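Notes to accompany the following structure.
On a predicted model such as this, the values are computed, not experimentally measured, just so you know. Ligands are counted one by one from 1 in listed order, and the atoms in each one are counted from 1 as well. Side-chain atoms are counted along with the backbone in the values below, which use heavy atoms only and exclude waters and symmetry mates. Numbers here are sequence positions counted from 1.
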Amino acid sequence: MALNYYKNELKENAQLLASKGKGILAVDESTKTVGKRLAGIGVENTEENRKAYRGMLFTTEGLGKYISGAILFEETLYQNHQDGESMVKKLNDLGIIPGIKVDKGLNPLPGGGDVETFCSGLDGLVERAAKYYEQGARFAKWRAVLQITNDGCPSKLSIQENAWGLARYARSVQESGLVPIIEPEILMDGDHTIEKTAEVQEEVIKQVYIACQANGVFLEGTLLKPSMTVNGADCPTKGDPMKVAEMTIRTKERCVPASVPGIVFLSGGLSEEAASVYLNNMNTNTLYRKALWNVSFSYGRALQHSCLKAWKGSDVEGGQKALIAIAQANSEASKGAYVAGSQPSSDEQLFVAGYTY
Ligand code: 13P
């Protein structure tokens with residue numbers, strides 16, 4: 001089977017994932033990364049605890065009203081809830097589409113700058129994606145990471161390699177029926193201005209779509225997951241929420257094709273509240289957006305931070321209450337209807353330098 005066979009389904013699923021008022025829950029942290037989150041609340045990183053945590057998320061009543069899809073790590077896609085039912089069934093019961101992280105992580109890029117990486121996992125990807133489809137996944141994610149430095153990163157080589165990798169991945173998983181989420185993240189590390197981020201991001205995203213065209217990626221069956229256009233975490237100028245929204249939308253309008261149904265932002269270390277406010281501003285009428293793609297969220301940290309703290313290893317009800325509140329806040333933000341402070345959400349900066357997922 002191949003891309004042509006899946007075209008209608010890919011388009012339908014991409015549209016469902018990009019439904020108005022819904023976003024994506026990114027819970028695809030690798031075993032190592034989720035360990036750091038669990039350590040933050042004093043919980044040991046065992047398979048049982050990971051299962052308990054994610055099982056709590058996936059049985060939150062009403063979550064499907066705000067969340068269209070959940071990105072899983074491979075372990076979770078094949079895992080059962082403590083009650084014996086599969087996690088996939090739990091998500092399907094909520095009306096949430098299961099997705100899967102298919103990249104195999106970042107490696108140093110030979111010939112690139114010190115901080116530069118390429119993303120691995122292309123070998124055997126068509127076959128691997130077919131197995132994930134069989135297991136119930138309907139979309140995939142691949143995260144390429146670029147960093148802005150004062151000595152010229154991202155280099156041309158890194159932009160080219162990461163754009164090409166994203167496009168090869170996208171085409172490969174489409175061959176097996178999975179909607180690719182194309183994620184070219186620009187890290188917040190550094191002291192650069194928002195204007196610099198915009199300039200780099202424009203170039204990166206343009207190259208991503210040039211590579212997609214070369215690989216015959218079916219854009220109607222994809223989603224873009226970029227970072228917002230913000231200044232570096234160490235930039236002396238503090239971010240102005242309306243400017244972030246304007247610059248983010250301007251950047252995307254300059255380079256994201258109209259055939260892409262949705263843009264779902266990552267939170268990248270923004271606080272929960274900032275991630276909601278910036279998204280809300282992007283969806284307010286005063287921005288006069290020219291493009292029709294749905295503008296929503298695919299947050300990891302900015303959806304889970306308060307929830308993890310409330311759960312603390314055993315408080316299922318508390319964790320679910322925090323999750324549904326933050327999901328509702330971001331659903332409202334995706335419609336330009338979020339009132340800052342209307343939901344319990346945290347202002348704590350979630351940025352960590354040199355972050356890996
Ligand atoms: P954050 O929202 O925490 O940046 O994570 C989203 C994600 O999926 C990173 O790949």
Side-chain angles (χ1 to χ4, degrees), residues 17 23-38 40 53-54 57 67-74 76-77 96-106 117 119-121 137 139-147 162 165-166 169-170 179-189 197 201 204 208 223-230 233 244 248 262-279 282 295-309 323 326-327 329-330 333-334 345-346 348-357:
L17 288 164
I24 293 171
L25 171 62
V27 248
D28 56 315
E29 301 87 358
S30 62
T31 302
K32 192 169 154 213
T33 302
V34 79
K36 292 185 202 159
R37 305 281 161 75
L38 294 174
Y53 173 61
R54 288 164 170 161
L57 301 177
I67 298 292
S68 56
I71 319 175
L72 313 181
F73 193 58
E74 195 180 71
T76 323
L77 184 70
I96 296 175
I97 304 174
I100 174 80
K101 170 191 171 81
V102 300
D103 69 67
K104 292 205 172 266
L106 306 173
T117 55
C119 188
S120 60
F139 72 103
K141 161 191 145 167
W142 175 284
R143 175 175 176 257
V145 177
L146 297 109
Q147 192 171 331
N162 281 294
L166 281 163
Y169 137 77
V179 171
I181 292 193
I182 297 175
E183 181 175 356
E185 175 166 5
I186 314 276
L187 292 178
M188 271 165 50
D189 299 59
T197 308
Q201 206 170 33
V204 169
V208 166
L223 296 178
L224 178 69
K225 175 165 172 167
S227 29
M228 294 187 198
T229 310
V230 291
V244 170
T248 303
I263 299 182
V264 285
F265 286 95
L266 60 93
S267 61
L270 296 170
S271 71
E272 289 179 341
E273 186 64 7
S276 301
V277 169
Y278 294 171
L279 179 63
M282 282 186 241
V295 173
S296 192
F297 60 94
S298 173
Y299 297 157
R301 283 164 282 178
L303 277 177
Q304 294 182 65
H305 179 68
S306 293
C307 171
L308 263 164
K309 277 184 154 173
L323 177 64
I326 197 83
N330 286 299
S334 74
S345 107
S346 150
E348 195 180 318
Q349 270 285 337
L350 304 176
F351 170 74
V352 190
Y355 188 74
T356 53
Y357 216 68

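- Between Ile181 atom CD1 and Lys225 atom NZ the span is 6.0 Å, to the nearest 0.5 Å.
- A donor-acceptor contact shorter than 3.5 Å is absent between the side chain of Gln201 and the backbone of Ile186.
- Taking each of Glu183, Gln304, Glu185 in turn, the one with a heavy atom nearest to atom 9 (C) of ligand 1 proves to be Glu183.
- In this structure, Glu29 and Lys101 have side chains that are not in contact, with every pair of non-hydrogen atoms separated by 4.5 Å or more.
- We find the CD1-CD1 distance between Ile24 and Ile97 to be 8.5 Å, quoted to the nearest 0.5 Å.
- Assignment of Lys141 to the shell around ligand 1 is supported, since a heavy atom sits closer than 4.0 Å.
- The contact set between ligand 1 and Arg301, taken as ligand atoms under 4.0 Å from a residue heavy atom, comprises 1 (P), 2 (O), 3 (O), 4 (O).
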Quiz prompt | Tyr53/Arg37 under side-chain contact (heavy atoms from CB on, under 4.5 Å): CA gap, chis, key distance, verdict | solution = CA-CA 11 Å; Tyr53 173 61; Arg37 305 281 161 75; over 6 Å; no
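- Counting the atoms of ligand 1 from 1 in the order shown, those under 4.0 Å from a heavy atom of Tyr299 are 2 (O).
- Under 4.0 angstrom from ligand 1, the non-hydrogen atoms of Ser267 come from both its backbone and its side chain.
- Heavy-atom distances between Gly268 and ligand 1 reach below 4.0 Å in at least one pair.
- Residue Leu266 has no N or O atom closer than 3.5 Å to an N or O atom of ligand 1.
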Quiz prompt | Residues Leu223, Phe139; criterion side-chain contact (heavy atoms from CB on, under 4.5 Å); working and verdict | solution = CA-CA 10 Å; Leu223 296 178; Phe139 72 103; 6.0 Å; no
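- The contact set between ligand 1 and Ala26, taken as ligand atoms under 4.0 Å from a residue heavy atom, comprises 8 (O).
- Of the possible donor and acceptor atoms, one in the side chain of Ser120 sits under 3.5 Å from a partner among the backbone N and O of Gly105.
- Scanning Lys225, Arg143, Met188 for the heavy atom closest to atom 7 (C) of ligand 1 points to Lys225.
- Checking only distances, Ser298 never comes within under 3.5 Å of ligand 1, N or O to N or O.
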